[in-house]
2 protein chains.
Amino acid sequence: MTKPQNPPRSGRRVRGSTTGRPVMVLLDLLGRRWVLRILWELRDRPLNFRELQAACGGISPSVLNSRLAELRETLIIELLPDEGYALTKLGRELLSQLTPLAVWSEKWAKSLK
Amino acid sequence: MTKPQNPPRSGRRVRGSTTGRPVMVLLDLLGRRWVLRILWELRDRPLNFRELQAACGGISPSVLNSRLAELRETLIIELLPDEGYALTKLGRELLSQLTPLAVWSEKWAKSLK
DNA sequence: CTCCTTGCTACCATTTCAGTAGCAAAATCT
DNA sequence: AGATTTTGCTACTGAAATGGTAGCAAGGAG
């Protein structure tokens, strides 16, 4: 990883019907394709663009790039020169609230069989 | 709400690159448009189809219908005659893990300003 | 210089979603 | 009973998001 280059483009559009309440904005953000997955893949360590792309099973770079831009604008991840994309402090807080889902999902999977 | 009618169609396709691990399947499900929002709107009480549609800010009925079908197949919600769509026991467990996000989102919103 | 890696853009085919109209069945009214 | 309203849901079309591939510009290595 080499270029910390261009800063996040500002002006993220708020889609749909978020009434402006933070929880709605958050659900809206997390509900976008690949966002949860990206956070999940960054749980252990920073990954660079192509590592992240591979970890997400070959997500197309254009989509990955726009998701990363959105997550950077919202201060959930950051791009560290020579390290790659990493969760910020906020991002780690958010992820910590998501990790119980991994446990629950096991139980859920059993119910589905 | 009147017709408990046709049962959920089986055979939900697993999109993208879920490796089959339950947590991946879950993140994939939750990452679909409107899913988190639907769960959120059902947090207090069952809602019928049109109430839910209104609560989600006018989501188109075709999309709502397919999301509801998916959530029913995965046993997260159910359609109760004379009550409407409601979280199942599993669904309530899932939602309870999501509610801390509402608190966190307030803090997050302050950081964004 | 050449070769490789990396972040990212461009382009187009495919899928998904939005938005509206409206139907069939059940409930409600008269 | 007949008429009207409500409700779950489908159909259809245009718009938007995504998938998939190719490849560029810049930095590093040799």
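When reading the values below, keep in mind they use all heavy atoms of this one structure, side chains included, and skip hydrogens, waters and symmetry mates. Throughout, protein chains are lettered first and strands after them, A, B, ... in sequence-line order, and every chain is numbered starting at 1.
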* Asked: Rounding to a whole Å, what distance do you find between B/Ile59:CD1 and C/dT16:P?
  -> 15 Å
* Can we say A/Glu70 and A/Arg32 salt-bridge, meaning some charged N sits less than 4.0 Å from an Asp/Glu carboxylate O? -> yes
* Below 4.0 angstrom from OP1 or OP2 of D/dC9, is there any side-chain N or O of B/Tyr85? -> yes
* Asked: Distance check: side-chain N/O of B/Trp34 vs OP1/OP2 of C/dA18, anything under 4.0 Å?
  -> yes
* **Bending between helix ends of the helix from C/dC1-D/dG30 to C/dT30-D/dA1 [5 pairs per end, 10° resolution]** => 30°
* Length of the CZ-P vector between B/Arg32 and D/dA17, whole Å -> 17 Å
* Asked: Excluding sequence neighbours, so at least two apart, what forms side chain to side chain contact (heavy atoms under 4.5 Å, CB included) with B/Ser111?
  -> A/Leu90
* Euclidean distance, atom CD of residue B/Glu83 to atom P of D/dT7 [Å, nearest integer] -> 15 Å
* Within this structure, what is the CG-to-P distance between B/Asp28 and C/dT16, rounded to whole angstrom? -> 12 Å
* Those residues that, when tested against B/Ser96, pass side chain to side chain contact (heavy atoms under 4.5 Å, CB included) (two or more places apart) -> none
* To do: Determine: side-chain N/O of A/Arg50 to OP1/OP2 of C/dC8, distance under 4.0 Å, yes or no.
  => no
* Before accepting this row, confirm whether a basic side-chain N of the pair B/Glu106/B/Lys110 lies closer than 4.0 Å to the acidic partner's carboxylate O. => no
* Asked: Quick one: which of D/dT18, C/dC17, D/dC9 gets closest to the side chain of B/Phe49?
  -> D/dC9
* Could you check how far CG of A/Asp82 sits from P of D/dG27, rounded to whole Å? => 13 Å
* To do: Return the value, rounded to whole Å, for the distance between atom CG of B/Leu64 and atom C1' of C/dT20.
  => 16 Å
* Among D/dC9, C/dC8, D/dA11, the nucleotide that comes nearest once only the side chain of B/Ser62 is considered -> D/dA11
* To do: Ignoring backbone atoms, test whether B/Arg33 places a side-chain nitrogen or oxygen under 4.0 Å from the OP1 or OP2 oxygen of D/dA16.
  => no
* Structure fact -> When B/Gln53 and B/Val63 are each assigned the nearest nucleotide of DNA chain C, the 5'-most assignment goes to B/Val63
* Sequence-distant partners of B/Arg45, side chain to side chain contact (heavy atoms under 4.5 Å, CB included), two or more places apart -> B/Leu47
* Asked: Which whole-number value in Å describes the distance from A/Leu52 CG to C/dT6 C1'?
  -> 13 Å
* Does a side-chain N or O from A/Asn48 land closer than 4.0 Å to OP1 or OP2 of C/dG7, or not? -> yes
* **Sequence-distant partners of B/Ala54, side chain to side chain contact (heavy atoms under 4.5 Å, CB included), two or more places apart** => none
* Asked: Could you give the CD-to-C1' distance, from A/Glu70 to D/dA17, as a whole number of Å?
  -> 11 Å
* Kindly write out the residues that satisfy side chain to side chain donor-acceptor pair (under 3.5 Å) with A/Glu93, not counting sequence neighbours, or none if the list is empty. => B/Trp104, B/Lys107
